[in-house]
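Structure first, then comments.
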Amino acid sequence: MAEHRYNPQEIEARWQEVWARERTWEVANESAGDGRGEAREGEEGPPAPKSYVLEMLPYPSGEPHIGHLKTYSVGDAIAHFHRRLGRRVLHPMGYDSFGLPAENHAIRTGVHPRVSIAESIESFRRQFHSWGISIDWSREFATSEPSYYRWTQWIFLELFRAGLAYRKEAAVKWCPKDQTVLANEQVDAEGRCERCGALVEVRQLEQWFLRITDYAERLLSDLDLIEWPEHVKTMQRNWIGRSEGAEVYFRCEELGIDYPVFTTRPDTLFGATFFVMAPEHPDVLRLAQGTEHEQEVREYVNRALNETNEERGNAEKPKTGVPLGRTVTNPVNGEQLPMYVADYVLMEYGTGAIMAVPAHDERDYAFARAFGLPIRRVIAPPDDPEVELPYTGDGVIVGSHPDFDGMPNREAIGAIVEWLDREGKGHASVNYRLRDWLISRQRYWGTPIPILYCESCGMVPVPVEQLPVELPDIDDYQPKGRSPLAAAEDWVMTTCPQCGGQARRETDTMDTFVDSSWYYLRYCDARNEHAAWDPAALREWMPVDQYIGGVEHAILHLMYARFFTKALADLGHVSFQEPFQALFTQGMVTKDGAKMSKSRGNVISPASIVERLGADTARSYILFVGPPDQDADWSDEGVEGVHRFLSRLWRLAADTAERAGSPTAEPAAAGAGEGADLELLRKAHWAIDKVSADLRRFAFNTAIAAVMELLNEGSRLRDSVDVRTLRFALATAASLLFPFAPHVSADAYDLLTGERVWEQPWPEADETLLERDSYELVCQVNGKVRDRVQASADASPQALKDLCRAAPNVRAHVDGREIVREVVVPGKLVNLVVR
RNA sequence: GCGGCGGUGGCGGAACGGUAGACGCGGGGCCCUCAAAAGGCCUUGCCCGAGAGGGCGUGUGGGUUCGACUCCCACCCGCCGCACCA
C-alpha cells in the first residue's frame, strides 16, 4: 500500500482554487432574474428557503487576528450547514474601513488612510481566502468607498428630513488626545477614551445627534421578538435604562419658574426637605445671581465641570454642594425647600434637578447629614416603625397627609400621581437612561456629513443627486480641535443649491458606527448604483437569520443597527423591525489565560498556524477547544492534537479509497447487516444524529468530538469490516466534518466517493440504526451501580427486574435484605431499593 | 449595590433528573526503528486492595427524589455588564 501523507497546504490550495474558479459560494438575487435557486429535491416544490448568515464586518487593521478566525469559523460552519440543508445562503464579506485607527496610523506614518486601508483589506482578503471561508465575494465592499458612503449620506439625509438628525450645542465628551468628540458609549467606566485611554473632558460644542431616544421604548420592547443571548438583551435593557415614575413641578416663586423633577418615588414627596440641581443646569448661575452665594456657586460650578467623570462618578466620595440662596415650593404641602447645586446630580439624567428625600435615599441622606438638613421619615415598615434611616424599602406612608397615611407605599404612588395630575402639579412619566447618539467627529477619515451652510438660506441638505459628497484628499490629518477638512478651502467653499449663493460645507465627519449600522442591508444589493438597495432584494434576504460576532458589540453596534432599522422602517424604506433575528456572541481567545496583546508577547497569528498546520486545523481547533460562546485558551499542544486527528482521517480515507478501488457514493456494503460492519454502520448513523443536533445548538466542540469517535471506531474496526462499510463510515465522517474543515473533508470525500461533498445534501440518520437490539443494563442497588448486564431492547420491565436481581454483584448487595421497591428505566437501568 | 454568566480529573472540556469525567491535551508503559521523528497499541479521577471488589468524589451547607453536576433554598468564590440613574 502506498504511503499516504496528509499535506494540508497542497489540499487547501487545490480546493480553494476550485471554489474560486467556479464561484461556488455566490448567490444571485432572485429579483435579478437569474434564478439560481438551486432547489435540490422536488423541482416543482416551493423555492429553497433563504438563509442570511452574517459575521460582524471586520475593521481592516493590519492582519486578521485569532478572534477573526473564531468568528468566521463559527459563521462558515453555520453557512455550510444551512446550504447542505437545502437553503440558499447569503454569506457576504466587507470591511468597516473608516475610522480613527487608520487615521492615527496616517498621522504617524504620513501614508494616506486610503492607501494603508487598501493594504489591510488586501491582507484580510488574502487570509480569508486562505482560510477557505465560503464567501460570496461578488458582494464585497468597503464602507470608505464613495459607492458605499454615498448611501450612508443618503440615509443621513433621510433621517435629517424626518427630524431624526439634528444639530445642537451640548456638553459633550471630548477626547483631548484624539482631539475629537466621543459618543457616551465610547467613554469607559473610568471616564477614559475607549480608543486611546486618555481622560475625557467635557466641552460645550455644536454637534450632530441622531434621535435614538425616540426609539427607546421600541428598542426595549422589541427585544422580546428576537432570539438573542439573554445577557446581551440584559445589557441593552440596562443601557436603555427605563424607569417609571412621575414628573413633578417645584416652583421657584421668586423667579416665577417651574422646575420639573423626575422621581421614581412620588410616594416620598412629603419627605422632601431640599432641592438639588446639577452644576451643568443652565439656570444655576441665574438662580444664584444676586444672592450672597453667587461667587461661591460660580466657583463650585467651574470646579465641578472641570472634574473628570472618574473623579465625579465616584459614589464613595463625600457629598459636596453649595446653597443657591433660593427656595422652591413643594407642590404637595407648600413647604419652601432650600435649593442647592451639587455634583451628585447629573444633568444627563432626568431633568438635571431632583427633589431630595434624605430619609429614603442614600445619596440625599449623605448630603443632608453633611449639610445639617432636616430628615423626615415618611415610609415605615408596619412592624418596625423606627427602622434605621435611610430606608429605601417598602412600607406604609406615615406623617404625610391624612389621605395617604397608612397606605402601602406602592399603592400610594398611583394615588399621589393621580392627585398631582388633577392639581396640575405633575404627571406620570417614564424616563430613560439612553441619550441621543452624538455622531459628528472632528476627524478626516469618515463619511462627510452632507450638509451646507449658506449665508442666506442657513443649513441646507446637499441634494441627493449631488451625492456622494466625496472626501477630498488632504495632506495634513493632524487634528487641531476642528476637522482637518476645514483646511481644505476649495472643498469647503461651494454654492448653495437653493439660492446659488456662497455656502460652506459641514466639515465634521460621521462616527464609523453610522457606516456599520446599515451595511447588512447593502449586501443584499451591493452593486446597485441607483439606490442604496432595491426593496425586493431586502424582501428576499432580510432579516439576517444568524448574526455572529463579539460580545463587545452588545451595546453600541447592535443598538445602533436596531435603531437604524426601525427608523428606516418608519420612513418606509424597509419592511421589518429587527435586523438580526438570531445572534450568537462568541467568546474571546486567550493565551495562558490572558488577552492576546503585542505588549504581552502572547499573540498567536492565524497566518502562522495556517502556514504550519493548515486552515482546517486552525479552524477545527478553535471550534473544538470549548463551547464557542465561552472564552477559550489557546494551547499549542491542543492544536497539534486536532492536526493529528485530521491527518489520521485523511490517511485512512486515502488508504481505504485505494483499497476499495473505484470511488463511489454507494451507501455501504451489502453485508453490513451484522457484526463489526453493523457496529460501524451504527456508529456512523449515531454520528450523523449527534453532529446534526450539535450544529443546531452551536455545540461545535462536541460535534467534532463525535466525528473523532467515528474515526476512532473506523480505525479500530478497519480490518474487521468490509472495505465498503469502512468507505461509507469515512465518507460520512468527511461529510460531517465539512462545515468545520472544508478542504480535508472535500478531499477525503472526493477520494472515497468521487463526489463533491458540498453538493451533497446533509446526511440523515437512519432511525432504525440508532436503536440497538441489546444494550448494557445498569443494575443499581439503592442508587449505586453494582453491576451491568446485557439486556435485549424489547425486554419487558419484569424481565429487566429479573435480570437485575440475577446479576452476581447485585445479589451480593441485596443479600437477603428486603426489596421494597424496584424502579425500571427501560433502555437504561434498574434500581432496587432495599432495606 | 443591581443585572447576567460560571465553579466538574494534572489541563481544555462532556454529561434529556438515570453508568460523572465523552473527545482532546498532558502523563505512564509497550511496539516499530541502528537511533530519532512520525506513526501504532495499552493505560490514566483520588484512596484501599495482588485481584475480585470496596470507599470517596462535580465550590459550601441544607432540601426534593428510588436516584441530583443537573431541580429548589441559603451561602462562598470568580468573570462580564451597568452604576451618585433620583
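Note: hydrogens, waters and symmetry copies are ignored here, and every other heavy atom, side chains too, is used. Order of the sequence lines fixes the chain letters, A, B, ..., with proteins taken first and strands second; residue numbering starts at 1 for each chain.
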Pick the C1' atom in B/rG6 and in B/rG12, then give their distance to the nearest Å.
15 Å
Check: A/Phe624 ring centre within less than 6.0 Å of A/Phe645 ring centre
no
Which whole-number value in Å describes the distance from A/Gln236 CD to B/rG4 C1'?
14 Å
Could you please spell out the steps behind the side-chain hydrogen bond (donor to acceptor under 3.5 Å, both in side chains) verdict for A/Ser243 and A/Asn431?
CA-CA 5 Å; A/Ser243 32; A/Asn431 200 55; 5.1 Å; no
Is A/Ser243 touching bases, backbone alone, or none of the nucleic acid, heavy atoms closer than 4.0 Å?
sugar-phosphate
What's the closest nucleotide to the A/Phe624 side chain, out of B/rC85, B/rG3, B/rC23?
B/rC23
Rounded to whole Å, CD of A/Gln630 lies from C1' of B/rG4 at a distance of 14 Å
Applying side-chain contact (heavy atoms from CB on, under 4.5 Å) between A/Arg786 and each of A/Val814, A/Asn809, A/Leu832, report the one that passes.
A/Asn809
Nearest-Å distance for atom pair CG/P, residues A/Leu711 and B/rC23
12 Å
Closest to side chain of A/Lys319, choosing from B/rG81, B/rC84, B/rG26
B/rC84
Would A/Asp655 and A/Arg718 pass as an ion pair if we require N to O under 4.0 Å?
yes
Short side-chain N/O contact from A/Asn701 to OP1 or OP2 of B/rA14, under 4.0 Å:
yes
Which of these nucleotides, B/rA14, B/rA86, B/rC84, is closest to any side-chain atom of A/Pro627?
B/rA14
Will you find, in the side chains of A/Arg648 and A/Asn712, an N or O donor that is under 3.5 Å from an N or O acceptor?
yes
Interatomic distance, A/Leu710 CG vs B/rA22 C1' [rounded to whole Å]
15 Å
Contact class for A/Asn238 vs. all strands (heavy atom < 4.0 Å): base, sugar-phosphate, or nothing?
base
Quick one: which of A/Ser73, A/Ser745, A/Ser620 gives a side-chain contact (heavy atoms from CB on, under 4.5 Å) with A/Phe740?
A/Ser620
Would you kindly say whether A/Thr590 and A/Asp631 are connected by a side-chain donor-acceptor distance under 3.5 Å?
no
Using heavy atoms and a sub-4.0 Å distance, could you list which residues of residues 827-835 of chain A are near RNA chain B? By number, please.
A/Lys828, A/Leu829, A/Asn831, A/Val833
Classify the side-chain pair A/Tyr6/A/Thr617 by whether it contains a donor and acceptor separated by less than 3.5 Å.
no
For A/Val625, answer base if it contacts any base atom (sugar-phosphate contacts may also be present), sugar-phosphate if it contacts only those atoms, and nothing otherwise; contact means non-hydrogen atoms under 4.0 Å.
sugar-phosphate
B/rC23 C1' sits how many Å from A/Arg716 CZ, rounded?
16 Å
Is A/Glu230 touching bases, backbone alone, or none of the nucleic acid, heavy atoms closer than 4.0 Å?
nothing
A/Asn409 side chain to A/Gly395 main-chain N or O, any donor-acceptor pair under 3.5 Å?
yes
From the list B/rG39, B/rU19, B/rA22, which nucleotide is the closest neighbour of the side chain of A/Arg644?
B/rG39
With sugar-phosphate meaning primed atoms plus P, OP1 and OP2, does A/Gly641 contact a base, only sugar-phosphate, or nothing at under 4.0 Å between heavy atoms?
sugar-phosphate
By nearest nucleotide on RNA chain B, pick out whichever of A/Val642 and A/Val778 is the more 5' one.
A/Val778
Using a 4.0 Å heavy-atom cut-off across all strands, classify A/Pro229 as base, sugar-phosphate, or nothing.
nothing
Phosphate oxygens OP1/OP2 of B/rA86: is one of them under 4.0 Å from a side-chain N or O of A/Arg363?
no
With a cut-off of less than 4.0 Å, is there a side-chain N or O of A/Arg5 near OP1 or OP2 of B/rA38?
no
For A/Met708 and B/rA14, what is the distance between atoms CE and P respectively, to the nearest whole Å?
14 Å
Please give me every residue in residues 780-787 of chain A whose heavy atoms get under 4.0 Å of an atom in RNA chain B, ordered by residue number.
A/Gln780, A/Lys784, A/Val785, A/Arg786
With distance as the sole test, does A/Tyr344 use its side chain to make a donor-acceptor pair with the main-chain N or O of A/Val276 at under 3.5 Å?
no
With heavy atoms under 4.0 Å as the rule, sort A/Asn712 into base, sugar-phosphate or nothing.
sugar-phosphate
For A/His813, report the nucleic acid contact type (base, sugar-phosphate, nothing); a contact means any heavy atom under 4.0 Å.
sugar-phosphate
Taking the six-membered ring of A/Phe367 as reference, does the NZ or CZ atom of A/Lys319 fall below 6.0 Å from its centre and within a 45° cone about the axis?
no
A/Arg433 side chain near B/rG3 phosphate (N/O to OP1/OP2, under 4.0 Å):
no
With a 4.0 Å limit, can you tell me whether A/Arg237 has a side-chain N or O closer than that to the phosphate oxygens OP1/OP2 of B/rG4?
no
Within the 4.0 Å heavy-atom criterion, would you say A/Val232 contacts the bases, only the backbone, or no part of the nucleic acid?
nothing
Tell me the interatomic distance from A/Leu556, atom CG, to B/rC82, atom P, rounded to whole angstroms.
9 Å
To the nearest angstrom, how far is A/Leu646 atom CG from B/rG24 atom P?
13 Å
